[in-house]
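Here is how names work: the chains are called A, B, and so on, in the same order as the sequence lines, proteins then strands, and each is numbered from 1.
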Protein chains: 2
Amino acid sequence: MESKPNIQAVAKLANVSIATVSRVINNQGGVRKKTEDRILKAIDELGYIRSAAARTMKKKETKTVGVIVPDIKNPFFPIVMAGIEQKAREKGYFTILSSTSESQAIEEEIVKNFIERGVDGVIITTANEDSDHLKVLQNQGIPIVAVDRSIQNLNVDTVIVDNEKGTYQAIQHLILQGHKRIGIICGPLNTTPAFKRLIGYKKALEDYNIPFNEQYVIHGDFQEQSGYKGTKELYSLDEQPTAIFSSNNLMSIGSLKALQDCNWILGKEVSFIGFDDIDIATFMNPKLTVVARPMNTLGELAFQLLHERISFKESVPRREYMLSPELKIRESCRLN
Amino acid sequence: MESKPNIQAVAKLANVSIATVSRVINNQGGVRKKTEDRILKAIDELGYIRSAAARTMKKKETKTVGVIVPDIKNPFFPIVMAGIEQKAREKGYFTILSSTSESQAIEEEIVKNFIERGVDGVIITTANEDSDHLKVLQNQGIPIVAVDRSIQNLNVDTVIVDNEKGTYQAIQHLILQGHKRIGIICGPLNTTPAFKRLIGYKKALEDYNIPFNEQYVIHGDFQEQSGYKGTKELYSLDEQPTAIFSSNNLMSIGSLKALQDCNWILGKEVSFIGFDDIDIATFMNPKLTVVARPMNTLGELAFQLLHERISFKESVPRREYMLSPELKIRESCRLN
DNA sequence: ATGAAAGCGCTAACAA
DNA sequence: TTGTTAGCGCTTTCAT
């Protein structure tokens, strides 16, 4: 039982031609019930499963969408992915997921591989928003949807979160509580999300006439370690900030660990707001105030856009959805 | 620029035969440098990417392994996946990931799809250890490696964690601190991990002559909600347990939330040990004692086994790795 | 209602 | 060193 039966084998066993078998496999009708039964039986008996490769060669479609994320270990992406998968399944599409570890080289490899495999479309949170390495997808006529990070100079449908607004609200919240020295731990500023969050930060300070101070801006990389290190830096400042804003979940975790290690008391000596709601948020004592993104919706919407694009190609104009994050006020910020 | 060039187009542009192009694509050598350059140039010019479908039809291999997990939202799996991906990349393999949401029906769909696509092997944490729905893979001669959950009646390489031992140590730890009424929140008992953890629990009680009491056994489903509900049940018991063991990370989160809502004070009124180290573990006050699994290693090992199996097929005997988890003693357990 | 046959893009055996 | 050619397994058109 160690060989893959093909359509020929089925045809022979059922005593029909391969064309008839194909009709049955694809539910095209026009086959006598009795014949169909015979074929179905043969398929079952042989354990026949049709080859996607052969099918793709003829049909030029795979009913597959490729998803590329920068960091599968960041819980944000699995949740977005869950949203994508669910919608995809509903439409009869299959998803394949790969993670780049924020490496553009790996991203290029993955893109190439996806093309080789003939994915019908790609949903991507790119590691590098300079889009040159993604042009190749466009050249092949493969639709792309950008999620969470937009793509420069490439005319693609986009689903992002209003990072600027989310951060603005967070910083505003801190300012209204009397904070003036507010630290921000940024992500890689060549990504829109990280950049926009910094913009939101600056804008809020400006609107409330608080001077921008470079020393309160920490340049992180969205990884836990940089949140940790950045927070220690802030702690060691002569004029410590009275509040910290962390630009993503992983860095929040690092930051919070640093707070503990420094014995810098959260919610008392220092207020804290993190971007993204995380498991720990409601366990901490005090509970964490966060900017929460609609992760599942992000994924669902992304697939929906992609699906429309696959179905109608150019006939739809480019669309950009900007979802609003929500400031969840809990207990980690106190009057200053 | 909207058509996919094929090997023919390249051959024509470079003024050679398709065979020569094929040789270049596959680095088979035996092509004059000058010819090769001409071909490479043509490939670049046309943006040619070879069709995996066509290639697969000839070669019967895809250099792809499929990974099936039951719940992509459980952070355990992305980390295992990261281990798999890394090793796979090293060996020139590509991974595709799908999540079943613990549904056997979806799992079957995914398996079928993987076969259609001709994956060279499958790494799976199955939603249902009764293996009938996986036999089809074996029939097609596709190697399987089971990760974290073994598969009944199917002779496959397996990488698991010593769940019994890990739990035993946890319960022993509690007992030695004087606990006698110990609650356990189980996962679905038709999965080995959940089952073995219960066994470890029972064994520890037995070894220390503590009577087993059914009322302290909560039947959960590895989801947060069941941890929450189960904990509330334990709380409402006339004879409350003095310690709780939770069988997985998600349920731990639910359980901890319930503790808070019940105002049942962790580390004081009730001790707690969770299976799997989670982000929140070291933030909680007190910090959580946990049984930690070597997640990344689990993934790396799984791919390694699969790769050997792909390369040598039957010539290798079936192997089973049982990795030891580690009891990380922190602060959530107190003398009783 | 069914079958014969062309051809998708590639690899590899054989020829030159 | 290069070219010719036979399939791989399927879908689809055209006959029957």
Side-chain angles (χ1 to χ4, degrees), chain A residues 3-40 42-43 46-64 112-113 115-120 140-142, chain B residues 3-40 42-43 46-64 112-113 115-120 140-142:
Chain A
S3 66
K4 311 202 183 183
N6 59 18
I7 199 170
Q8 296 263 21
V10 176
K12 187 186 272 182
L13 183 59
N15 225 309
V16 293
S17 76
I18 58 170
T20 309
V21 177
S22 178
R23 284 184 193 104
V24 170
I25 297 171
N26 297 293
N27 298 304
Q28 291 177 196
V31 178
R32 202 192 316 227
K33 182 80 174 71
K34 215 174 125 195
T35 317
E36 176 168 353
D37 285 347
R38 205 152 21 97
I39 293 172
L40 257 18
I43 288 176
L46 294 171
Y48 167 73
I49 296 183
R50 84 154 165 304
S51 150
R55 174 170 226 265
T56 299
M57 279 192 70
K58 290 295 291 185
K59 303 259 300 180
K60 311 296 181 213
E61 75 163 30
T62 53
K63 286 277 180 191
T64 303
K112 180 153 176 244
N113 195 291
I115 295 175
E116 282 192 21
R117 301 184 127 71
V119 295
D120 297 340
Q140 305 259 343
I142 299 174
Chain B
S3 67
K4 310 201 186 187
N6 60 16
I7 198 170
Q8 297 262 21
V10 176
K12 186 185 273 180
L13 182 59
N15 225 308
V16 292
S17 77
I18 57 169
T20 308
V21 177
S22 178
R23 284 185 192 104
V24 171
I25 297 171
N26 297 294
N27 298 304
Q28 289 175 197
V31 177
R32 201 193 315 233
K33 182 79 175 70
K34 212 175 127 198
T35 316
E36 177 168 351
D37 286 347
R38 206 157 14 105
I39 293 173
L40 257 18
I43 288 176
L46 294 171
Y48 167 73
I49 296 184
R50 84 160 164 317
S51 148
R55 174 169 225 263
T56 299
M57 280 193 70
K58 289 295 291 186
K59 303 260 301 179
K60 311 297 181 210
E61 74 164 30
T62 53
K63 287 281 182 185
T64 303
K112 183 157 173 241
N113 195 289
I115 296 175
E116 282 192 18
R117 302 185 126 69
V119 294
D120 296 339
Q140 306 258 344
I142 299 174

Could you write out each protein N or O paired with an N or O of nucleotides 5-9 of chain C at a distance under 3.5 Å?
| from | atom 1 | to | atom 2 | distance (Å) |
| --- | --- | --- | --- | --- |
| C/dG7 | N2 | A/Lys58 | NZ | 2.9 |
| C/dG7 | N3 | A/Lys58 | NZ | 3.4 |
| C/dC8 | O3' | A/Lys60 | NZ | 2.9 |
| C/dG9 | OP2 | B/Asn6 | ND2 | 3.3 |
| C/dG9 | N2 | B/Ala54 | O | 3.4 |

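Applying the side-chain contact (heavy atoms from CB on, under 4.5 Å) rule to B/Thr20 yields the partners B/Val16, B/Ser17, B/Arg23, B/Val31, B/Thr35, B/Ile39; only residues at least two apart in sequence or on another chain are considered.
In this structure, A/Gln28 reaches the sugar-phosphate backbone alone: every heavy-atom distance under 4.0 Å involves primed, P, OP1 or OP2 atoms, never a base. B/Thr35 comes within contact range of the sugar-phosphate backbone alone, with a heavy-atom separation under 4.0 Å but no base atom that close.
The separation between B/Asn26 atom CG and C/dA12 atom P is 7 Å, rounded to whole Å. For the pair B/Lys12 NZ and D/dT4 C1', the interatomic distance rounds to 17 Å; values are reported in whole Å. Distance, B/Arg23 CZ to D/dT5 P: 14 Å, rounded to whole Å.
Looking only at distances, no side-chain donor or acceptor of B/Asn26 sits under 3.5 Å from a matching main-chain atom of B/Gln28.
The shortest side-chain heavy-atom distance between B/Val10 and B/Ile25 does not fall under the 4.5 Å cut-off.
Within a 6.0 Å sphere centred on NZ of B/Lys63, heavy atoms belonging to other residues, nucleotides or ligands number more than 12. Summarising the local packing, NZ of B/Lys112 is surrounded by 12 or fewer heavy atoms from other residues, nucleotides or ligands at distances under 6.0 Å.
When each of B/Ser17 and A/Ile25 is assigned the nucleotide of DNA chain D with its nearest heavy atom, B/Ser17 is the one assigned upstream, toward the 5' end.
Note that CG of A/Asn6 and OG of A/Ser51 are 9.5 Å apart. Values are rounded to the nearest 0.5 Å.
OP1 or OP2 of D/dT12 has at least one side-chain nitrogen or oxygen of A/Lys59 nearer than 4.0 Å.
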